[in-house]
Student: 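This is the structure I have questions about; it appears just below.
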Amino acid sequence: MKPTITLLTLLFSAFATSNSLSFFGGDQQVLDEDLKVPGDNPLYYCQKTDNYSLTIDKVDLTPNPPSPGKTLTIKAKGNFTEDVEEGAYINLSVKYGLIRLINQRADLCEQMKNVDEECPLSGGKTITKDVDLPKEIPPGSYTVLADVYTSSDEQVTCLNAHVKF
Ligand SMILES: *[C@@H]1O[C@H](CO)[C@@H](O)[C@H](O)[C@H]1NC(C)=O
Ligand SMILES: *[C@@H]1O[C@H](CO)[C@@H](O)[C@H](O)[C@H]1NC(C)=O
Ligand SMILES: *[C@@H]1O[C@H](CO)[C@@H](O)[C@H](O)[C@H]1NC(C)=O
């Protein structure tokens, strides 16, 4: 399996399941409904979106919630209001409970090839992707943070999700 596919699968599988926030105890982050990403998904923006160069119209996951061992279909529609060139990157962090599983910087343009897109990214985009979720995702609470920047460190987007398998 190619590392990029592994990363993408982890990202999507970790983003994959909505859950009740009551699992997160006293110091849980309170998620602001104003920051909810439109569509059938568990994603939230990290902060107000005024200054992001990607506008997300909608992200739909089918099924939502997805289930381990099943194919997850992701449909996303957005608009790059400023062009995103080579050198853009994703800082991805995935935590399992309090344990940090992944803390990784990935090349955005490389990752986009998995969904048949190439940099520069500009204008309206619609992406559809099927991801086969592994059967053996360890049950538990996951926190995912994906922070996306251009090569000159301008924010493209920042998303997070609390998910439970
Ligand atoms: C992204 O991650 C890298 C490596 O972990 C880190 O050096 C860098 O400061 C991070 N960038 C931002 C803008 O947080
Ligand atoms: C994308 O955003 C630009 C700049 O705001 C706008 O001119 C354009 O019409 C938008 N395109 C789509 C497909 O929404
Ligand atoms: C918005 O982004 C621009 C360009 O990256 C930056 O110069 C500016 O400080 C940002 N504004 C805010 C409010 O973050």
Side-chain angles (χ1 to χ4, degrees), residues 1-16 24 27-62 64 73-131 134 137-138 140-163:
M1 200 188 263
K2 287 190 295 180
T4 52
I5 297 290
T6 307
L7 176 63
L8 198 73
T9 304
L10 263 167
L11 173 62
F12 286 136
S13 40
F15 270 147
F24 287 93
D27 61 348
Q28 78 185 47
Q29 187 183 350
V30 176
L31 294 176
D32 182 345
E33 286 307 312
D34 289 347
L35 298 180
K36 175 82 182 69
V37 174
D40 202 3
N41 68 69
L43 304 174
Y44 287 79
Y45 294 110
C46 305
Q47 68 260 329
K48 288 232 190 313
T49 60
D50 315 356
N51 218 22
Y52 290 169
S53 53
L54 170 62
T55 305
I56 300 175
D57 298 318
K58 210 171 194 284
V59 177
D60 287 324
L61 304 185
T62 314
N64 188 33
T73 301
I74 299 151
K75 280 191 189 170
K77 188 169 183 294
N79 185 5
F80 290 93
T81 52
E82 284 173 56
D83 291 8
V84 174
E85 315 270 354
E86 292 289 342
Y89 63 98
I90 309 167
N91 270 9
L92 178 68
S93 120
V94 179
K95 282 198 268 184
Y96 175 63
L98 296 174
I99 303 163
R100 198 178 286 280
L101 290 184
I102 298 177
N103 196 19
Q104 189 177 344
R105 175 172 166 153
D107 187 306
L108 178 68
C109 296
E110 279 300 315
Q111 297 300 321
M112 291 304 286
K113 288 177 187 162
N114 293 316
V115 290
D116 301 321
E117 294 288 344
E118 279 188 11
C119 289
L121 301 164
S122 67
K125 296 278 181 205
T126 303
I127 285 166
T128 303
K129 178 77 179 168
D130 286 339
V131 179
I137 298 172
S141 299
Y142 292 78
T143 309
V144 185
L145 173 67
D147 211 356
V148 185
Y149 295 92
T150 65
S151 55
S152 47
D153 287 330
E154 286 165 14
Q155 189 123 45
V156 177
T157 192
C158 178
L159 300 172
N160 65 54
H162 293 282
V163 299

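Please read these numbers as outputs of a predicted model, since none were measured by experiment. For ligands, and for the atoms within them, numbers begin at 1 and follow the listed sequence.
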Student: Between Asp147 and ligand 1, does any nitrogen or oxygen pair lie at a separation below 3.5 Å?
Tutor: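 No, no N or O pair falls under 3.5 Å.
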Student: For atom 7 (O) of ligand 1, is the nearest protein heavy atom closer than 4.0 Å?
Tutor: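 Flag for atom 7 (O) of ligand 1 set to false, no protein heavy atom closer than 4.0 Å.
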Student: Please confirm whether the backbone N or O of Ala88 pairs with a side-chain atom of Ser151, one donor and one acceptor, at under 3.5 Å?
Tutor: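 Checking the backbone N and O of Ala88 against the side chain of Ser151, no donor-acceptor pair under 3.5 Å is found.
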Student: Quick one about Tyr89 and Asp153 (side-chain donor to acceptor, distance below 3.5 Å, no hydrogens or angles considered), yes or no?
Tutor: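 Result is yes, a qualifying pair exists.
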Student: Does the Lys129 side chain pair with the main chain of Asn114, one donor and one acceptor, at a distance under 3.5 Å?
Tutor: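 Checked: pair present.
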Student: N/O to N/O below 3.5 Å, does that happen between Thr81 and ligand 2?
Tutor: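 Checking ligand 2 against Thr81, no N or O pair falls under 3.5 Å apart.
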Student: Quiz question: by atom type and distance under 3.5 Å, do the side chains of Asn51 and Glu154 form a donor-acceptor pair?
Tutor: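 The criterion, which ignores hydrogens and geometry beyond distance, is not satisfied for Glu154 and Asn51.
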Student: Around atom 4 (C) of ligand 1, find the nearest protein heavy atom and jot down its residue, atom name and distance.
Tutor: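 Checked against all protein heavy atoms, atom 4 (C) of ligand 1 sits closest to Arg105 CB, 4.5 Å.
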Student: Taking atom 11 (N) of ligand 2 as the point of reference, which of Asn79, Thr126, Thr55 owns the nearest heavy atom?
Tutor: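 Closest candidate by heavy-atom distance is Asn79.
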Student: Can you pull out the closest protein heavy atom to atom 13 (C) of ligand 2? Residue, atom name and distance to 0.1 Å, please.
Tutor: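 Going by distance alone, atom 13 (C) of ligand 2 is nearest to Gly124 CA, 4.0 Å.
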Student: Within a distance under 4.0 Å of any heavy atom of Tyr89, pick out the atoms of ligand 1 and give their elements.
Tutor: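 Contacts of ligand 1 toward Tyr89, numbered from 1: 11 (N), 13 (C).
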Student: Looking only at protein heavy atoms, which one is nearest to atom 9 (O) of ligand 1, and what is the separation?
Tutor: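 In this structure, atom 9 (O) of ligand 1 has Asn91 ND2, 4.8 Å as its nearest protein heavy atom.
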Student: Hey, are Lys95 and Asn103 close enough side-chain-wise for a donor-acceptor pair under 3.5 Å?
Tutor: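 Lys95 and Asn103 do not have a side-chain donor-acceptor pair below 3.5 Å.
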Student: Can you check whether a protein heavy atom sits less than 4.0 angstrom from atom 2 (O) of ligand 2?
Tutor: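 So far as the 4.0 Å threshold goes, atom 2 (O) of ligand 2 is in reach of a protein heavy atom.
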Student: Strictly distance-based, threshold 3.5 Å: is any side-chain N or O of Asp147 a donor or acceptor partner for the main-chain N or O of Cys158?
Tutor: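 Checking the backbone N and O of Cys158 against the side chain of Asp147, no donor-acceptor pair under 3.5 Å is found.
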Student: Counting only N and O atoms by type, is there a donor-acceptor contact under 3.5 Å from the side chain of Asp83 to the main-chain atoms of Pro120?
Tutor: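 Not a single qualifying donor-acceptor pair exists.
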